[in-house]
Amino acid sequence: MAKEIDVKTINAIRILSADAIQKANSGHPGLPLGAAPAAYTLWSKVMHHNPADTAWENRDRFILSGGHGSMLLYSLLHLFGYGLTAEDLSQFRQFGSLTPGHPEYRHTAGVEATTGPLGAGMAMAVGMAMAEKHLASIFNKPEYPIVDHYTYVLGGDGCMMEGISYEAFSLAGTLGLSKLIVLYDSNNISIEGGTDIAFRENVQKRFEAFGFQTLLVEDGNDPDAVLKAIEEAKADTTRPSMIEIKTKIGAGCPAKEGKASAHGEPLGVDNVAALRQNLGWEDETPFAVPQDVYDNCAAVNAENAKVEEAWKELFASWRAAFPELAELWDKYHDESSAEALLDDETFWKICDAPEATRNVSGKLINYVKDKIPNLFGGAADLAPSTKTNMKDRGDFSKETPEGSNLHFGVRELAMTAIGNGIRLHGGLRSFVSTFFVFSDYVKPMARLSAIMQLPLTYVLTHDSIGVGEDGPTHQPIEQLAMFRAMPNFYTFRPADAAETAAAWYCALNSRRTPVAMVLSRQNLPQLAGSGKNALKGGYILQDSEKETPDAILIATGSEVQLAVEAKEKLKAEGIDARVVSMPCMDLFNDQSAEYKESVLPSNVTVRVAAEALSTFGWERYVGLTGKVVGMTTFGASAPAGKLFPYFGITADAIVAAVKEQR
């Protein structure tokens, strides 16, 4: 039977959540009230975590996938001493506060992932569990389990409805991620009412089919039952576990318990008072918590501090016993290890013959994998086409967790969230890959990469109508504009091998910005003048002989060679143009005003941009009078060599566009 102090602490979570949401007059009280017993039991009786060291490598991870219930997490962080004060809680959902409407990574200490889109946290948890399993296989030795922690994720019916959960948990079961434990807050309520209006499946059977151990807690208000289920989940060393915890949304609030209205609106002043009375909470002062509740949580922290100290002693002994592994550990955790590639001539001259940039990328991956041992990535069932397989590095699987090549299956959305989770875990440099046109499936989780400032690497191939015969369903048109529109996201479309090397250098050395490289299927020539200048996003590839060029030709990817051809044709007609390669608009925009003016001088208004994708967005560089040679329709099914002239993406079209402006 739960101790009185445990019940009191659970009720403190409920009261704090209700008070904060009521003061903000905005928020979601249903999940915090219903899931408080399960979350408190996990944090106090099971998880190894230490607010004094939020970066402890071997801490257990907790992700609140149902991020709308953020006050549950903020209340836990407050009670367990992660730096959130009662004043912070009172500023819930206010501008600049540490308690925004959904948990935000890097913003609030103790938040392991930014969650908002339902199901995203579920998939990121899978990535964290994959990282733990892989690192354990590399570094653990008998009697030295230095990587030995669990990933816990809590979400509700909405998370289970989202397709991303299906994708991620199917893979988790296949991989046997036994240190992944899913807590399913099962209350059968969604915003529109009872879940039976749209969700009648047997979730337990679904998870059994995935390969999970499935457990059921009939009364989510019983901490002992929750604890027993978690202990049973941990005892299974071959399968991930899903614990369905039957709860009542808005538990403890007489007028709201079990009702859809408890989900996404404040309880109301009278109902908050009724909640207090129903829980036997005598103090009516908002955000007031008895000292014995704080003392209870502090005692948990003291025990966990001892656990971390014991781990540090074990880690020190391991370092002494296995110095070579210790050196490898340091390499895995050294974010600056790729900086040496700047002066590595082999890296910058990986290829000197015409080559598809996807092939160049594959060569670069296999070159840097021996210098950066913690590369850990793969593709959504497309590695042979995206050239992302690392030779001699093995496949990550249930049987071979030491492998570095990830096989995500045809699961682009979950793949990207999993990549985020791997990066969030730490110790690994993750990359994900698919065809560029399928970045539509990638985008929602790429957006989270950008928001969380995670330097996840995206290898996106088959970049344009150059895909050819597969036709419009497989030819990206508008996707590049979509990615360029996203804040804090670098999108490279390299023109040759040197620019592809620049994209990889940027990706491997980025600290806070995800990097996508959009790569060609068809061979592209190696261009004279390309190279490290591509690290500025845009640069002068071939200049005019005049101090002030007659025209500026700007292009990316396969169209840079067309701009070079157009320059020669224009020169024959007495027009001396400058060719600017613009592999990464976002990076170019980050340069100084002086540099940008030196590349695109404002006194040269005759400008043409060329790109075999949507023309959207090029106006900022060509101005109101400039021209863009690009796509204004979807593509077609034909050999690539026929499509470029058919859609008017040629050197002659660039020449004509220049002449129109003179």
Side-chain angles (χ1 to χ4, degrees), residues 5-6 8-17 20 32 35-64 67 69-92 97-100 102-115 121 124-125 128 132 146-154 181 183 223 227 230 287-315 424-427 452:
I5 189 60
D6 292 330
K8 195 172 184 179
T9 309
I10 289 166
N11 288 338
I13 294 168
R14 287 168 163 156
I15 295 297
L16 287 171
S17 299
Y40 167 73
T41 300
L42 177 66
W43 277 57
S44 65
K45 311 294 183 185
V46 182
M47 274 178 55
H48 292 152
H49 62 107
N50 185 1
D53 185 5
T54 58
W56 174 26
E57 293 92 333
N58 202 45
R59 70 190 182 280
D60 290 330
R61 271 64 167 179
F62 173 77
I63 303 94
L64 180 64
S70 58
M71 267 314 305
L72 172 69
L73 181 54
Y74 297 146
S75 297
L76 288 164
L77 294 173
H78 168 68
L79 294 175
F80 282 91
Y82 277 80
L84 285 185
T85 65
E87 175 63 21
D88 291 324
L89 299 188
S90 76
Q91 294 301 304
F92 178 57
S97 78
L98 292 174
T99 51
H102 289 77
E104 295 181 15
Y105 174 71
R106 296 191 193 274
H107 183 74
T108 309
V111 172
E112 297 280 10
T114 296
T115 53
M124 287 188 282
M128 292 182 186
E132 192 277 343
I146 62 165
V147 181
D148 182 19
H149 53 267
Y150 287 81
T151 302
Y152 300 94
V153 58
L154 171 64
I181 297 177
L183 305 179
L227 178 59
I230 296 174
F287 306 104
V289 175
Q291 186 58 44
D292 57 348
V293 169
Y294 289 119
D295 293 343
N296 176 44
C297 295
V300 173
N301 290 342
E303 290 303 311
N304 271 320
K306 293 177 184 177
V307 173
E308 181 178 2
E309 191 58 37
W311 178 84
K312 287 181 176 179
E313 292 175 5
L314 178 72
F315 185 68
L424 285 165
H425 180 279
M452 290 189 282

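Keep in mind the model is a prediction, meaning the values are calculated, not measured. All residue numbers in this chain count up from 1 along the given sequence.
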Are side-chain heavy atoms of S90 and E87 found at a separation under 4.5 Å?
yes
Take L16 and F287 through the test side-chain contact (heavy atoms from CB on, under 4.5 Å) and record every step on the way to the result.
CA-CA 6 Å; L16 287 171; F287 306 104; 4.2 Å; yes
Test side-chain contact (heavy atoms from CB on, under 4.5 Å), reference P103, set T108, T115, L72, T114, output is T115
Side-chain touch R14/P37, heavy atoms, less than 4.5 angstrom: yes
The residue among K312, H149, E132 that forms side-chain hydrogen bond (donor to acceptor under 3.5 Å, both in side chains) with N58 is H149
Rounding to 0.5 Å, atoms CD (E308) and CG (D53) come to a distance of 4.0 Å
message: Is any side-chain heavy atom of V111 closer than 4.5 Å to one of L77?
response: yes
Looking only at heavy atoms, the pair that brings Y82 and G110 closest together is CD2-CA, 3.8 Å
Closest non-hydrogen contact found for A39 with L76 is CB-CD1, 3.9 Å
**Asked** Is there side-chain contact between P223 and I10, with at least one heavy-atom pair below 4.5 Å?
**Response** yes
Check your understanding: In terms of the angle between their ring planes, are W43 and F62 parallel, tilted or perpendicular, with boundaries placed at 30° and 60°?
Key -> perpendicular
Would T85 and D88 count as having a side-chain donor-acceptor pair, cut-off 3.5 Å? yes
Taken in chain and number order and not counting sequence neighbours, the residues that satisfy ring-ring contact (aromatic ring centres under 6.0 Å, His included) with F92 are none
Hey, is the main chain of A109 close enough, under 3.5 Å, to the side chain of T54 for a donor-acceptor pair?
no
Rounded to the nearest 0.5 angstrom, the CD-CH2 distance for E57 and W311 is 4.5 Å
Apply side-chain contact (heavy atoms from CB on, under 4.5 Å) to the pair L64 and H102, showing each step before the final yes or no.
CA-CA 10 Å; L64 180 64; H102 289 77; over 6 Å; no
Output for pair (M71 CE, T99 OG1), nearest 0.5 Å, gives 7.0 Å
Taking every heavy atom of L154 against every heavy atom of A35, the minimum-distance pair comes out as CD2-CB, 4.2 Å
When every non-hydrogen atom of I181 is compared with those of I230, the smallest separation belongs to CD1-O, 4.4 Å
d(L424 CG, R106 CZ) to nearest 0.5 Å is 8.5 Å
Inset, instruction - Determine, step by step, whether D6 and N296 satisfy the side-chain contact (heavy atoms from CB on, under 4.5 Å) criterion, reporting the C-alpha distance in whole Å, the side-chain angles of both residues, the deciding distance to 0.1 Å, and the verdict. - result: CA-CA 8 Å; D6 292 330; N296 176 44; 4.1 Å; yes
- Query: Just by distance, do the side chain of N304 and the backbone of H49 share a donor-acceptor pair under 3.5 Å?
  - Reply: yes
In this structure, CG of L314 is separated from CD of E309 (nearest 0.5 Å) by 12.0 Å
For A86 and H78, the nearest pair of non-hydrogen atoms, with its separation, is N-CE1, 3.5 Å
Exercise. Are the side chain of Y294 and the backbone N or O of G81 linked by a donor-acceptor pair below 3.5 Å?
Worked result: no
Checklist entry - If we only count heavy atoms from C-beta on, is the V46 to Y152 side-chain gap below 4.5 Å? => result yes
### Chi angles and distances behind the side-chain contact (heavy atoms from CB on, under 4.5 Å) call for R59, R61
CA-CA 6 Å; R59 70 190 182 280; R61 271 64 167 179; 3.5 Å; yes
Between L79 and A12, the two heavy atoms sitting closest are CD1-CB, 4.3 Å
inquiry  = What verdict does the salt bridge (charged side-chain N to carboxylate O under 4.0 Å, His left out) test give for E303 and K306, after you've listed the backbone C-alpha separation in whole Å, the side-chain angles of each residue and the deciding distance to 0.1 Å?
reply    = CA-CA 5 Å; E303 290 303 311; K306 293 177 184 177; 3.4 Å; yes
Distance-only, no hydrogens or angles: does the H107 side chain make a donor-acceptor pair with backbone N or O of M452 under 3.5 Å?
no
Taken to the nearest 0.5 Å, the spacing of E112 CD from D60 CG works out to 10.0 Å
